[in-house]
Amino acid sequence: MSASKWLRIIPVAFIMYMLAYMDRINVGILLPYIQKDLSLSSSAAGEIAGIFFFGYMLLQIPGGLLASKWSARKVIFILMILWGLAAIACGFVQTEQQLKLARFILGIAEGGVWPAVLVMLASWFTLKERARANAFWMACLPVSAMLMAPLSGVLLAHYSWHAVLVIEGIPPLIWAFVWWFVVKDKPSDAKWMDETERKNLETQLIEEQKKGVKSKGYGAAFKNKTVWGLVMMYFFWMTGFYGYTLWVPSVVKTFTKDPGTMGWLTAIPFTFALVGMIVNSFWSDRRMNRTQHVIVPLLIAAVSMVIGQFVSDPYLQMILLSITAIGVYAPYGPLWTIPTAVVPAGIVGAALGLQNAIGNLGGYYGPKVVGVLKDSTGSFHAGFYFLASSLVMAALFTFIIGLRLKKQEIASNSKNDASDLPVKTVSS
């Protein structure tokens, strides 16, 4: 296997989405300073963090369709410019409403990127390679959080939160042109690719497309109960995931008043999250078990969140925050293998679109509810109990989906066993 496409496509896509994720969650580090400057309640701060996901939902399906019908490369280039400008605009706001609007527009711009990248990867990597390609690409999420936290902390030590948002919004505008000149939509457009390698890859992709099942569209996906189970599972996971991710810097800030130190301390849990994500994905592949490798980390994260509310020692709190980070990030690899295994092939594409579009609304409700509970109780305790409950619900839906998957496997094995039985002839 030639490494050319792996070295050309994945690293550029990795950095591109790392920048997107950074502009999405950097508000978590800045929230304590934004709250003070704009005199915001915790509820308003949570809404500012989460309103991004209402915008994010809007381009999920159109972004994928436009990338398929037109050009994934061009769609992502345009969206990078738009989200970079929206991220910079966040730094010029003066009121709560202006910041909410800028975050909402940022969500719209970033919403079409995820499905467009999946379309592009499907044009470059065969089915046997695609899981690895997706895993390498999605590893950018914890890496982005690891880098964003100390970077934002260091910048906050010298600049206002306004300036930090402007500075962190500039890289996408630069990287958009790297993307434009390096990445191509399909192998036939890549002059750097070896001719033999190109022909072999195109042949494999064409053969896979011939064997592929024609999509039945979103109407059929809407009527499928399993699809809605996946949507609910993802919704509850994202509620806990983003509720934790966007509020953990505020928790860490209680350990120190120095923004630089806060940034470095916030990076610690996300470093463990990266390790947990990789180890859990490889372990899941080795055992060929998906649901267990989603359920167990989610429950570990939930228990860790609850225990953390009874601990006051900063060192123990950091350990528990790190265990929670492992639990909420580790499901990423195995989770995205479940839809293709449990949903009929004809609706799996639409199912993934619905799962990501609707499920990501949990990214709004997680931070929002934590903020509301913080205002009403004066502490993060109730909010983290809510997030822990959401993770338990996600684990429960995964368990139910796993039972359905097990039934399908038993039914499939029964058919295979029946086909292996010797055929008896009956003579008259």
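Residues take their numbers from the sequence shown, with the count starting at 1.
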Backbone N/O of [Y] and side chain of [X]: donor-acceptor pair under 3.5 Å:
{"X": "N360", "Y": "N356", "value": "yes"}
{"X": "Q98", "Y": "Q94", "value": "yes"}
{"X": "Q355", "Y": "V231", "value": "no"}
{"X": "T291", "Y": "G402", "value": "no"}
{"X": "S390", "Y": "G240", "value": "no"}
{"X": "S71", "Y": "A67", "value": "no"}
{"X": "R103", "Y": "R24", "value": "yes"}
{"X": "K5", "Y": "W124", "value": "yes"}
{"X": "T271", "Y": "A267", "value": "yes"}
{"X": "H293", "Y": "P334", "value": "no"}

Heavy-atom check, side chain of [X] versus side chain of [Y], under 4.5 Å:
{"X": "V113", "Y": "M80", "result": "no"}
{"X": "I300", "Y": "I326", "result": "no"}
{"X": "V248", "Y": "F270", "result": "yes"}
{"X": "M233", "Y": "L396", "result": "no"}
{"X": "Y21", "Y": "V143", "result": "no"}
{"X": "R8", "Y": "V183", "result": "no"}
{"X": "L141", "Y": "Y17", "result": "yes"}
{"X": "P115", "Y": "L118", "result": "no"}

Please round to the nearest 0.5 Å and tell me the distance separating atom [atom1] of [X] and atom [atom2] of [Y].
{"X": "I268", "Y": "M318", "atom1": "CD1", "atom2": "CE", "answer": "5.0 Å"}
{"X": "I81", "Y": "I78", "atom1": "CD1", "atom2": "CD1", "answer": "9.5 Å"}
{"X": "W137", "Y": "I10", "atom1": "CH2", "atom2": "CD1", "answer": "9.0 Å"}
{"X": "L321", "Y": "S304", "atom1": "CG", "atom2": "OG", "answer": "7.5 Å"}
{"X": "M22", "Y": "I29", "atom1": "CE", "atom2": "CD1", "answer": "11.0 Å"}
{"X": "M238", "Y": "I358", "atom1": "CE", "atom2": "CD1", "answer": "14.5 Å"}

Ignoring hydrogens, what is the shortest heavy-atom contact between [X] and [Y]? Give both atom names and the distance.
{"X": "G84", "Y": "L173", "answer": "CA-CD2, 3.9 Å"}
{"X": "S123", "Y": "P187", "answer": "O-CD, 3.2 Å"}
{"X": "A330", "Y": "N280", "answer": "O-ND2, 2.9 Å"}
{"X": "Y329", "Y": "A145", "answer": "OH-CB, 4.2 Å"}
{"X": "A395", "Y": "L298", "answer": "N-CD1, 3.8 Å"}
{"X": "E168", "Y": "S152", "answer": "OE2-OG, 2.7 Å"}

Going through the checks in order, is the side chain to side chain contact (heavy atoms under 4.5 Å, CB included) test met by M18 and L147?
CA-CA 9 Å; M18 184 180 74; L147 298 177; 3.8 Å; yes

One pair to check against side chain to side chain contact (heavy atoms under 4.5 Å, CB included): T239 and F386. What are the steps and the verdict?
CA-CA 9 Å; T239 298; F386 165 75; 3.7 Å; yes

State whether W180 and R73 meet the cation-pi test: NZ (Lys) or CZ (Arg) under 6.0 Å from the six-membered ring centroid, and within 45° of the perpendicular axis.
yes

Side chain to side chain contact (heavy atoms under 4.5 Å, CB included) between L391 and F236: does it pass, once the steps are laid out?
CA-CA 6 Å; L391 295 176; F236 282 113; over 6 Å; no

W264 CH2: over 12 foreign heavy atoms closer than 6.0 Å
no

Step through the shown structure and confirm whether more than 12 heavy atoms of other residues, nucleotides or ligands are within 6.0 Å of CZ on F397.
yes

Per side-chain contact (heavy atoms from CB on, under 4.5 Å), W161 is matched among L155, D37, V166 by D37

Report the C-alpha distance between W6 and F125 in whole Å, list the side-chain angles of each, state the deciding distance to 0.1 Å, and finish with yes or no for ring pair (Phe, Tyr, Trp, His ring centres under 6.0 Å).
CA-CA 9 Å; W6 292 91; F125 298 92; 4.7 Å; yes

Just list the side-chain donor-acceptor pairs under 3.5 Å for residues 365-373, sequence neighbours left out, or say none.
residue	atom	partner	partner atom	Å
K368	NZ	S43	OG	2.9
K368	NZ	E47	OE1	2.9

Qualifying residue for ring-ring contact (aromatic ring centres under 6.0 Å, His included) with F53, from F235, Y242, F241, Y364:
Y242

So does R198 pair up with E195, basic N to acidic O under 4.0 Å?
yes

Would M393 and W237 satisfy side chain to side chain contact (heavy atoms under 4.5 Å, CB included), going step by step from the backbone distance to the final call?
CA-CA 8 Å; M393 289 299 297; W237 178 37; over 6 Å; no

